[in-house]
Structures are given as structure tokens and as C-alpha cells.
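Encoded as C-alpha cells, the structure appears first; notes follow it.
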Amino acid sequence: MSPKPYELIPFPTQPPKLERPAGHAQFHPDRLHGTLFLTLTVQTAVHISTGHLALGSDVGVKGIPVLKTMTTTPNGRLKIQGSSLKGAIRAMYEAITNSTLAVMTSRYRNRIPPERHPCRNKEQLCPASRVFGALNWQGLVEFRDAIATSAGSGGGSLPPLYRPRPDQCKAYFQKENGRVIGRKFYYTHRNALQDSSRGTPTQQAIQNTVFKTQIHFKNLTPAELGTLLTVLGQDPKHSMLLKVGGGKPVGLGSLQVTLDKIERPGNLKDRYSRYDPPEADTLEGKRLQAFVQEQIGAAQGYILPEQLKRLAAILSPTALREPPTGVY
Amino acid sequence: MHKRYVNHCTLCLTLKPDGPVLIKAGKEGADPTKPDMEFVETYHGGGRTVYFPGSSLKGAIRAHAERIVRTVGSDRRPEGGGFKLWASDPLDQKANQWLEKIEEPHQVYALSSFTDQMFGNTAIASRVRIEDAYPKPGTPLRLEERNGVAIDRVFGSVAVGLGPFSYQVCVEGSFQTKIHLKNFTLAQLGLLGLALRDLDEGWFGIGFAKSRGMGTVRVEYEWATVDYPGCLVDEANRQIRLLGSPLTWPQGSLLGAGEFLTPEEAGKYGFPKPDCQAVPVGAEPMPLGFGARLTWDQTSEAKVEHLLATAVNSWAKLLQAEAKAV
């Protein structure tokens, strides 16, 4: 049997520190607000299913009669839904901060440490819930859909994959008490496997497809923004790829994030005292680098170093693995 | 001040989804071909259609207007009452119980927060009225179905009980609506203008899943009118004249509510006086020859943005006065 294409990042031993969230009632003068402009470059083919089937000819993919589609704009450009990006980024943010699980399967509720259950009290939220939201509580970051810069897509054949089987696999649980160990992350791979004989025909964003997106943020502390930037792979000491969509075990779904610029509103009092707003402060080049470094510096002590090290090793853009073939 | 009618502004605008938008119907319908989460629908223009309810728009616009006020002003009642720029918490049902016991309507108004004066609270009615936004005839609507799924963080599989779920989104179309503001001060119109500017720039959205790429709309103005129902247009002297009063203003005047009242009455409500800005639009008689109306139109030089920018000048004056008072 081949080794597993994933690793579990253990939960920290300390319970998460719950605090009151900043909320949306006002733009706090001592917090950070603005927009991150991102370019996402496909490293290994990405497929995020819409759940619908279509004729290949209808979505511009030649040679495949019927395939599973991806979301597109009305003019036919591929789209990565904001919800897919948010989920992937939040999962990483949760892993490297001392946070609860945002999503869990109720069947395994008893086997998840109680302090990792999703936050329910909106006055007392864990670090990730304060930034990304919790039940009945809106988060401070907003993801836009990422849209491909050019039209067209490729076809591929997703190898057959099976559901995780926690009921049969003991590796998810601690030996001593039977509780779950931590969060699962799939490795980044050198290439995406395709299986034309048995696989499912899929519409894919092929290698080097470029997507553009934005993340709006408000009322973040420097440590929170620094953590978000680290998750986006902007810390040179811990560069990481994003893994999104289907086929993660067999190498699909790696995205390289480039931060193009950050727009921060000029003085908010000025912005709200005239109809034509003052120009936003656009951080690019060296100023952008300095700003990013400053926020990442502020996140020291906020990010769990051991968890970050392990996550960066799994999602490394340089130490890529070969996707597993056969049984794993 | 709802007992008299001194001025009224109507903004006609079009909202265009800039990406997917969903305003969810509360309950799942019986149609099995529809997704789990449906867009709200109503009968309009001879058939069933999706729409943006006025309440959904008002909630989002009010919340952002309050956010602006709290950012430049305060989030709590000031001591002494000299400070005007503050916004209360509209979800605190008990906050205004003491106001409900006050019998003098002008006091209820004067003691309410800046945003409550515009949008209302449990003691006073709103001066802002937002109509439902219906699809504009002749512009095609594009609806599609999306699917979502929550991924379990431990096993990496679909979280049982949390999906997959499907939802309907509107990705293209034009929804037309009107916003009415009556007995307003120019600063109030200015704040509304700032909130709509931010809506257009994507600073806030409407409907479901705003943090996941949905809900942003572009705002396009069609026209705006400002009416003074109790006035006459005196063409000979190029003036607007208040009926039964010696008060007159030049024909191109944007007038806040305080202008029409005696200094004493305006003071009771806390309406600023003077509250007047010169505009390049001349008043014309309203239909039936009674009342005065100023019109801004995107097809002319006087665009709706000019009206809002002028009102924002009055808002900025209020900001400066508040800054001095602190």
C-alpha cells in the first residue's frame, strides 16, 4: 500500500482563547481595513464541481461528450467560487491558530474534544471565528469569486476516489482516548493524475491558468492580517500553496497565490466627509513588501509555530511529491 | 415631524448584480425542480419574478449608514445633548422605551440618534422609504443554480448534515427601485448619498453569503426629484415662495426641513437653520400647478450625483461643527 497522501495536524494542547469579536458596527480607528488584490496561478489542474453535467461541446471542451462542469461567468470564463476559497483558507487559518473547528460531522461529535466544537456563543469566539465568522456572526473578511483572466478551459479525467473511512481507519484517532488527532491536509504534488480509462470526465482549469480575485477586510488587528497573509503564502520563510476543489489526494487543486497590491482607504474621516472619496492608499512593490513583513511580524506569538511548520511542509511549493497510484 | 409636509426627495436607481446575488426566500417551496434555497419571488409585470425586497435594501443601507456615523461620530448617547452624530443600537429593543413615554413629538425626534431620526425607531416612524426593486422591463435576468458543501476539517469529507445544498443566484439583470426621503435635512440626504456610494463601490452587499463572493451590486442612478409641496414657483422674480409666509428662496435652492419652519419650531426638533445650498437646477411647478419641484436627470448636465455631492457638503459642515464641539 502506498503511503497516505495527507497528514493530520494535531490540535494544540491548550484550549482556544475566546474573545469578543470586533463586529461590523463601525470602522475602528486602531484596526486595519482594505482590500487584498490576488492572482491565483494554477500549479496542478483544478476542478471544483458545480454538481452538474454538461455536453463537452457546450462548455468548449473538445473530445469529451459529457463532463462534470465548473462554474463560469456568463461570458464563459472559469470561476472559482468565493465559498471554495474561503473554506480552504479558513481551514488553514484554523490550523495555525488556536481555533475551534468551523465544521464537523455530528456523527463524530463525541470523539472531538469539546473545546474544538464550533463556537456557539457570539460574544466568545475563537481566533478563526472572529475573522471568518461563526453561527449567527458575520466575519470580517469577504472573498470575491476568482475569475480567470482568459476564456477557455481544459478537460481531464478525475481518477476514481473513495470517501474517507474513519469507521475503518484508526489513524484519525488517538490510541489512548479514541479522540480525533487533528485536521487533515493533503500534500501538494508535482502533477495531477488523470485516468482516462476509469476516471470521471471533468472540466478543469489547466496548469498556468490565471485567476484574479479580491479579499476585503475590515477591523482586523495586525496579527490577524499577518496570519491571513501567512496562510496566503506571503511569509517567505513559510511559503505555501492553496489546495482547493476535487482530487486533492491525486495531485489536483494546487494554486500559487501572488499578492499584487493592497488598497487601504485613506483617512476614513476624510472618506466620509466628501462625496468623491480621497484616493485609496495603494501599497505596491517595496512598500507592499514592508507592510506585509510588518503584519507577519505582528502575527508572531499569534500563530502556533509548530503547526505552521508542519502545514508549510505539507503545502510546500518546492518540496513537491509524486501523486500516489494504486491503493493508498 | 410627520404632521406637515415640507420637502420630499425621490431617488430612482437601478441595482445591477456584480457577481451572484441571492435574497433568500424564508421557506423552501414545493417545486422539486427548484434548489434548496430559493430567491424571493413575487408577481410583477404580469408574471412571477425574483426581486430585491425594500426591507432587504433598507436593512443593508441603514446598517452601513450607522457604521459611517459611528466611525466619524459616536456609538452612544452623548451627555448634555449638544452632540448630534451618534447612532444607537437598533436591535436593542429596550433602548427606546423611555422615548416612547415622551408625549411631545418634537422631543422624541430631538432625543433620537441621527440614524434613528432618518430610519426610525420604536418611538418614531422612518423618513426613509425604500421600494421593492423589480426587474427593469427589457433587461434580461439571468438566474443559475449553485451548489455548496461544507468540508469536515478532520476527515476532509462532506460534513454530514451540512450539505450538499443547492441555491439559486441571480448573476445578471437590472433591478429598479425608488428611495424616498421626506422632511429631510440636507445632512441626512448626504449620509444616504455616502451609503449608496459605498454600496456601488462594494463596501457592503445585500442578501445571502456576503462573505463568500455574493451580494455586491452596482448602483446606477436614473433621476431624482426634490419637491417642496407647500411652495409656489414665482417665475417673475425667479423665486420659490412658501405659501402663507413671507419666506422666499432663489429658484435654484436645495432646502432642508429647517428652512420651512420658524426658528423656534426648527430649534425644538433640532433641525439646522439655515439648511440651504444653491444648485444649478431651477424649481418648476409640480403637476396641478401647485408645489415646487427640482429635477436631476442622468440625461442632462444636472446628474443625480451632483445632488448627492451637494447634500454631502451639508453633511461635512455638520461633521466640522461636531469636531469643534468635542
Side-chain angles (χ1 to χ4, degrees), chain A residues 6 8 24-29 35 49-52 71 73-74 81-83 85-88 91 94-95 101-108 112 132-133 138-146 163-164 166 172 180-186 213-214 216 248 268-269 271-277, chain B residues 19-20 63-64 66-72 75 87 89 142 144-162 164 166 171-172 190-191 193-194 197-198 201-205 209-216 305-306 308-313 315-316 319-320 323:
Chain A
Y6 61 83
L8 294 169
H24 296 256
Q26 67 183 89
F27 294 104
H28 294 284
T35 308
S49 258
T50 55
H52 302 290
T71 320
T73 59
Q81 302 185 30
S83 58
L85 287 175
K86 187 181 175 187
E94 282 175 15
L101 295 165
V103 179
M104 64 177 192
T105 301
S106 45
R107 194 173 151 200
Y108 292 96
I112 291 167
F132 293 88
Q138 198 180 343
L140 301 172
V141 285
E142 288 172 17
F143 291 78
R144 300 295 308 266
D145 286 352
R163 65 175 175 87
Y172 288 107
V180 297
I181 293 171
R183 301 158 196 274
K184 183 190 209 175
F185 286 92
Y186 287 97
T213 189
Q214 296 165 26
H216 300 285
K248 290 193 205 78
L268 278 168
K269 294 224 168 177
R271 182 178 168 82
Y272 291 122
S273 52
R274 48 203 253 212
Y275 189 75
D276 297 311
Chain B
H64 194 70
E66 286 174 357
R67 193 173 297 141
I68 295 173
V69 168
R70 292 190 193 103
T71 301
V72 297
D75 60 351
D89 174 6
R142 195 170 170 132
E144 63 181 34
E145 189 182 318
R146 276 193 174 193
N147 289 287
V149 65
I151 301 293
D152 184 291
R153 304 293 199 256
V154 177
F155 308 120
S157 52
V158 172
V160 179
L162 290 170
S166 58
V171 287
E172 268 188 345
L191 179 58
L194 289 175
R197 176 198 74 184
D198 279 8
E201 292 186 5
W203 280 58
F204 66 102
K210 288 186 277 289
S211 65
R212 294 174 253 157
M214 294 175 55
T216 42
E305 287 87 345
H306 296 173
L308 297 173
T310 309
V312 171
N313 291 339
W315 159 261
L319 273 185
Q320 283 157 10

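Note: hydrogens, waters and symmetry copies are ignored here, and every other heavy atom, side chains too, is used.
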Checklist entry - Side chain, backbone, both or neither: which part of A:V180 has an atom under 4.5 Å from a heavy atom of chain B? => result side chain

Checklist entry - Out of curiosity, A:R144 CZ to B:T216 OG1, how far, rounded to the nearest 0.5 Å? => result 3.5 Å

Checklist outcome for this item: Greatest number of non-hydrogen atom pairs under 4.5 angstrom with chain B, of A:R183, A:K248, A:H216, falls to A:R183

Checklist entry - Going by heavy atoms in the side chains, are B:F204 and A:E142 under 4.5 Å from each other? => result no

Checklist entry - About how many Å separate CG of B:N147 and CD of A:Q81, when rounded to the nearest 0.5 Å? => result 8.0 Å

Checklist entry - Which heavy-atom pair separates B:A150 from A:V103 by the least distance, and what is that distance? => result CB-CG1, 3.8 Å

Checklist entry - Between atom CZ of B:R70 and atom NE2 of A:H28, what is the distance when rounded to the nearest 0.5 Å? => result 10.0 Å

Item to check | From A:F27 atom CZ to B:I68 atom CD1, the distance as rounded to the nearest 0.5 Å | outcome: 7.5 Å

Next on the checklist: Which one wins on heavy-atom pair count under 4.5 Å against chain A: B:E201, B:R212, B:E172?
Outcome noted: B:R212

Checklist entry - Considering only heavy atoms, which portion of B:A209 lies under 4.5 Å from any heavy atom of chain A: side chain, backbone, both, or neither? => result neither

Checklist outcome for this item: Here the gap from A:Y275 atom OH to B:N313 atom CG, rounded to the nearest 0.5 Å, amounts to 12.0 Å

Next on the checklist: Between A:S106 and chain B, with a heavy-atom cut-off of 4.5 Å, which part of the residue counts as in contact: side chain, backbone, both or neither?
Outcome noted: both

Next on the checklist: Heavy-atom cut-off 4.5 Å, strictly under: side chain, backbone, both or neither for B:E66 against chain A?
Outcome noted: backbone

Checklist entry - What's the shortest heavy-atom distance between B:G156 and A:K184, and which atoms? => result N-CD, 4.0 Å

Checklist entry - Picking from A:G51, A:G87, A:G139, A:P166, which has the most non-hydrogen pairs under 4.5 angstrom with chain B? => result A:P166

Next on the checklist: Does any backbone or side-chain atom of B:I151 lie under 4.5 Å from a heavy atom of chain A? Answer side chain, backbone, both or neither.
Outcome noted: backbone

Next on the checklist: Need one label for B:R153: side chain, backbone, both or neither, based on atoms under 4.5 Å from any heavy atom in chain A.
Outcome noted: both

Checklist entry - Between A:Y108 and chain B, which part of the residue has a heavy atom less than 4.5 Å away: side chain, backbone, both or neither? => result side chain

Next on the checklist: Looking only at heavy atoms and a cut-off of under 4.5 Å, which of A:S273, A:A25, A:G133 has the most pairs with chain B?
Outcome noted: A:A25

Checklist outcome for this item: Given A:D145, A:I181, A:T35, the one with more heavy-atom pairs under 4.5 angstrom with chain B than any other is A:D145

Item to check | Residue pair A:H24 / B:R67: nearest heavy atoms and the distance that separates them | outcome: O-NE, 2.6 Å

Item to check | Best-contacting candidate, B:L191, B:D198, B:V69, against chain A by heavy atom pairs under 4.5 angstrom | outcome: B:D198

Item to check | A:R271 and B:T71, any side-chain heavy atoms less than 4.5 Å apart | outcome: no

Item to check | Minimum-distance pair of heavy atoms, taken over all atoms of A:Y272 and B:W315 | outcome: O-NE1, 2.6 Å

Checklist entry - Side chain, backbone, both or neither: which part of A:K86 has a non-hydrogen atom closer than 4.5 Å to chain B? => result side chain

Next on the checklist: Under a 4.5 Å cutoff for heavy-atom pairs, which residue among A:G182, A:P29, A:P277 has the most contacts with chain B?
Outcome noted: A:P277

Checklist entry - Given that the side chain runs from C-beta out, which part of A:Q214 has a heavy atom under 4.5 Å from chain B: side chain, backbone, both or neither? => result neither

Item to check | Donor + acceptor pair across side chains of A:S83, B:R146 (<3.5 Å) | outcome: no

Next on the checklist: Tell me the closest heavy-atom pair linking A:T105 and B:V158, and the distance in Å.
Outcome noted: OG1-O, 4.3 Å

